[in-house]
Structures are given as C-alpha cells and as structure tokens.
A.B. asks: 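Before anything else, here's the structure in question.
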Amino acid sequence: FEPYTFSGLGYTSVGAFKTMNTVSQNIIEVPAGSGLNFNVGLGANYWISKNWGLNASATAKFKLKAGEAIDVGQSNYVQYNFGIFYSISN
C-alpha cells in the first residue's frame with residue numbers, strides 16, 4: 001500500500017453544452033470555455049502482485065481566474081480516478 005499526495009497547475013477546457021436547471025426546469029446554454037486551475041489531491045497504489053497494482057486518486061481542481069465562460073457548476077470540481085497498472089521494472 002503506497003499513499004501519496006500531489007499538487008500543481010492544470011488546464012481545463014469545456015465545450016459548449018446544454019443542461020437543465022433542476023429547480024426551474026429551464027434549459028441553460030453553457031458556452032465553451034477554458035482556463036488554468038490549481039490541482040491538489042491524494043491517492044494510493046495497492047500492489048496485488050510483483051508487477052500488477054490498483055490505483056485510486058481524487059483531484060480537487062480550483063479555477064484560478066474568475067469571470068471566464070466556465071461558470072455554471074464546473075468552475076471548481078473534484079475528479080476521481082480508478083485504474084489497474086503494470087510495472088515493467090523490478
């Protein structure tokens with residue numbers, strides 16, 4: 001079991017899309033947008049054999065510049081990842 005933390009800069013790009021406001025039931029058109037974000041997270045690798053392992057991580061992404069087109073719920077978000085990996089070194 002190998003827990004780890006990480007942080008750094010990232011870039012998010014979102015294409016234009018339509019969504020529905022769950023309260024008013026109105027359709028909202030969200031324009032395309034992109035921008036820099038600050039990422040911070042934690043994760044862990046779990047070895048199931050000498051070369052094979054499982055990975056899980058969570059990354060919090062915080063938008064660095066306000067007022068850009070990405071402003072409808074996706075400005076700050078958490079991304080989860082789960083995976084299987086193989087190590088080619090001993």
A.B. asks: Compute whether any side-chain donor of one residue and acceptor of the other, for N45 and N55, lie under 3.5 angstrom apart.
C.D. replies: yes
A.B. asks: Please say yes or no: joined through hydrophobic side-chain contacts below 4.5 Å, possibly via intermediate residues, are Y86 and L54 part of one cluster?
C.D. replies: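 Yes: a chain of side-chain contacts under 4.5 Å links Y86 to L54.
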A.B. asks: To the nearest 0.5 Å, how far apart are CD1 in I84 and CD1 in I48?
C.D. replies: 6.5 Å
A.B. asks: Between atom CG of L36 and atom CZ of F62, what is the distance when rounded to the nearest 0.5 Å?
C.D. replies: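 So the gap between those two atoms works out to 15.5 Å.
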A.B. asks: Is a side-chain N or O of N76 found less than 3.5 angstrom from the main chain of K63, in a donor-acceptor match?
C.D. replies: yes
A.B. asks: Show the numbers, then the answer: is there a side chain to side chain contact (heavy atoms under 4.5 Å, CB included) between S57 and Y4?
C.D. replies: CA-CA 9 Å; S57 67; Y4 60 87; 3.7 Å; yes
A.B. asks: Please answer: with hydrophobic residues joined when any side-chain heavy atoms are less than 4.5 Å apart, are V40 and L9 in the same cluster?
C.D. replies: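 V40 and L9: one cluster.
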A.B. asks: In the structure I gave you, are the side-chain heavy atoms of V30 and T19 within less than 4.5 Å of one another anywhere?
C.D. replies: yes
A.B. asks: Find out if a path of hydrophobic residues (ILVMFWY) with successive side-chain heavy-atom gaps under 4.5 Å connects I27 to F17.
C.D. replies: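 No: no chain of side-chain contacts under 4.5 Å links I27 to F17.
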A.B. asks: Answer whether the closest heavy-atom distance between the side chains of W47 and E2 falls below 4.5 Å.
C.D. replies: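 Yes, their side chains come closer than 4.5 Å.
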A.B. asks: Could you tell me whether W52 and Y46 have their ring centroids closer than 6.0 angstrom?
C.D. replies: no
A.B. asks: Can a side-chain donor-acceptor contact be found between N37 and T12 if the only test is distance below 3.5 angstrom?
C.D. replies: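 There is such a pair (donor and acceptor under 3.5 Å, judged by atom type) between the side chains of T12 and N37.
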A.B. asks: If you count heavy atoms of other groups shown closer than 6.0 angstrom to OH of Y11, is the number above 12?
C.D. replies: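 Yes - once you tally the heavy atoms of other residues, nucleotides and ligands closer than 6.0 Å, there are more than 12.
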A.B. asks: Is it true that the side chains of N26 and S24 contain a donor and an acceptor less than 3.5 Å apart?
C.D. replies: yes
A.B. asks: Just how far is it from atom CD of Q25 to atom CE of M20, taken to the nearest 0.5 Å?
C.D. replies: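 Interatomic distance, Q25 CD to M20 CE, rounded to 0.5 Å: 5.0 Å.
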A.B. asks: I need the minimum non-hydrogen distance between F6 and A58, along with the two atoms involved.
C.D. replies: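 Smallest heavy-atom distance, with atoms named: CZ-O, 3.9 Å.
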